[in-house]
Amino acid sequence: IVPIEVSIVNKKDLGSVDVALATIWATCWDAQDCEAKFRGYLVQHDERLSWDPRLVEPTYRMDWDFVIATSPWLKRMMEGFGHFNHFVFTPAVDHDVFKPYDNKEEAQVLYFARPFIRKNIPLGLEALKTIKRLMPSCKTITFDSDPLDEGYPFIDEHVVAPRGEDLARL
């Protein structure tokens with residue numbers, strides 16, 4: 001994880017760009033509306049699992065010059081929506097920060113938890129509860145941009161808005 005500085009500009013003030021790249025379904029309309037030589041979509045996961053498919057699927061059907069998929073199965077999924085001009089990559093892992101961990105006595109699980117915003121969260125919280133029941137010594141950590149509501153006794157720690165290396169070191 002490398003911190004970067006970015007500027008946020010209003011689309012109207014942007015002018016012509018070389019590439020407009022959407023990174024989540026909600027950014028697709030802006031990427032399509034930009035004055036751009038090329039329009040692309042970085043597909044990081046099947047967003048229909050997290051958001052209303054009626055909102056997401058139209059973005060998968062948009063006319064993209066290219067699609068970047070973070071896995072072969074996402075590439076195949078986008079082919080099902082008619083996209084064959086795509087790239088696939090495996091996200092990099094900084095092994096100086098993320099290291100293999102095989103001590104089950106000191107195991108920990110880190111989970112992005114934004115209850116009631118994404119459909120998968122209740123299932124993820126059930127998984128944390130099951131992990132805690134099967135491995136009581138396992139440390140369960142959740143993180144989000146907001147404080148977590150009370151009522152999750154199987155969560156050992158909740159971290160608000162970790163960034164960069166702080167998130168990587170949890």
Side-chain angles (χ1 to χ4, degrees), residues 1-9 11 14 17-34 36-102 107-128 130-131 140-146 158-170:
I1 298 173
V2 178
I4 60 171
E5 293 291 325
V6 297
S7 298
I8 298 174
V9 296
K11 179 178 65 174
L14 193 58
V17 297
D18 291 325
V19 177
L21 183 65
T23 58
I24 187 172
W25 71 271
T27 63
C28 291
W29 287 275
D30 287 334
Q32 288 286 328
D33 288 344
C34 270
K37 293 178 186 171
F38 300 98
R39 290 172 183 78
Y41 194 174
L42 171 61
V43 181
Q44 303 172 70
H45 71 286
D46 186 349
E47 295 170 325
R48 297 172 298 179
L49 299 174
S50 303
W51 304 92
D52 185 337
R54 295 172 296 180
L55 298 173
V56 174
E57 284 190 10
T59 67
Y60 289 169
R61 291 188 180 92
M62 287 178 171
D63 185 22
W64 299 107
D65 295 307
F66 62 92
V67 170
I68 302 171
T70 58
S71 70
W73 76 267
L74 285 170
K75 169 187 166 270
R76 289 189 299 275
M77 179 190 81
M78 292 305 285
E79 287 173 349
F81 287 97
H83 295 287
F84 298 96
N85 187 16
H86 42 61
F87 308 90
V88 177
F89 75 96
T90 302
V93 175
D94 183 343
H95 292 284
D96 290 334
V97 176
F98 298 97
K99 297 180 176 135
Y101 194 79
D102 49 339
Q108 66 181 28
V109 175
L110 178 64
Y111 182 68
F112 173 74
R114 181 172 288 171
F116 314 113
I117 299 296
R118 300 173 72 128
K119 291 190 286 187
N120 296 353
I121 295 297
L123 181 60
L125 292 174
E126 280 299 313
L128 286 180
T130 300
I131 289 168
T140 54
I141 306 169
T142 58
F143 72 97
D144 185 15
S145 57
D146 300 311
H158 180 73
V159 180
V160 177
R163 296 280 185 241
E165 287 197 18
D166 291 335
L167 175 60
R169 295 190 193 293
L170 283 177

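Bear in mind that the values here come from a model prediction, so they are computed numbers and not experimental data.
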Which heavy atom of [X] sits nearest a heavy atom of [Y], and at what distance?
X	Y	answer
Gly40	Trp64	O-CZ3, 3.3 Å
Asp46	Leu74	N-CD2, 3.7 Å
Val19	Ala36	C-CB, 4.5 Å
Pro58	Pro53	CD-O, 4.0 Å

Kindly write out the residues that satisfy ring-ring contact (aromatic ring centres under 6.0 Å, His included) with Phe38, not counting sequence neighbours, or none if the list is empty.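 Result, ring-ring contact (aromatic ring centres under 6.0 Å, His included) vs Phe38: none returned.
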
Under 3.5 Å: donor-acceptor pair, side chain of [X], backbone of [Y]:
X	Y	answer
Glu47	Trp25	yes
Gln32	Asp63	yes
Thr27	Ile24	yes
His83	Tyr60	yes
Arg39	Ala20	no
His45	Thr70	no
Gln44	Thr23	yes

Note, [X] side chain near [Y] side chain (heavy atom, < 4.5 Å):
X	Y	value
Val67	Phe84	no
Phe66	Leu21	yes
Leu110	Phe143	yes

Here the gap from Trp51 atom CH2 to Thr59 atom OG1, rounded to the nearest 0.5 Å, amounts to 12.0 Å

For Glu57 and Phe81, what are the C-alpha separation, side-chain angles and deciding distance, and is it a side-chain contact (heavy atoms from CB on, under 4.5 Å)? CA-CA 9 Å; Glu57 284 190 10; Phe81 287 97; 4.2 Å; yes

Run Met77 and Val43 through side-chain contact (heavy atoms from CB on, under 4.5 Å) and show every step you take. CA-CA 10 Å; Met77 179 190 81; Val43 181; 4.1 Å; yes

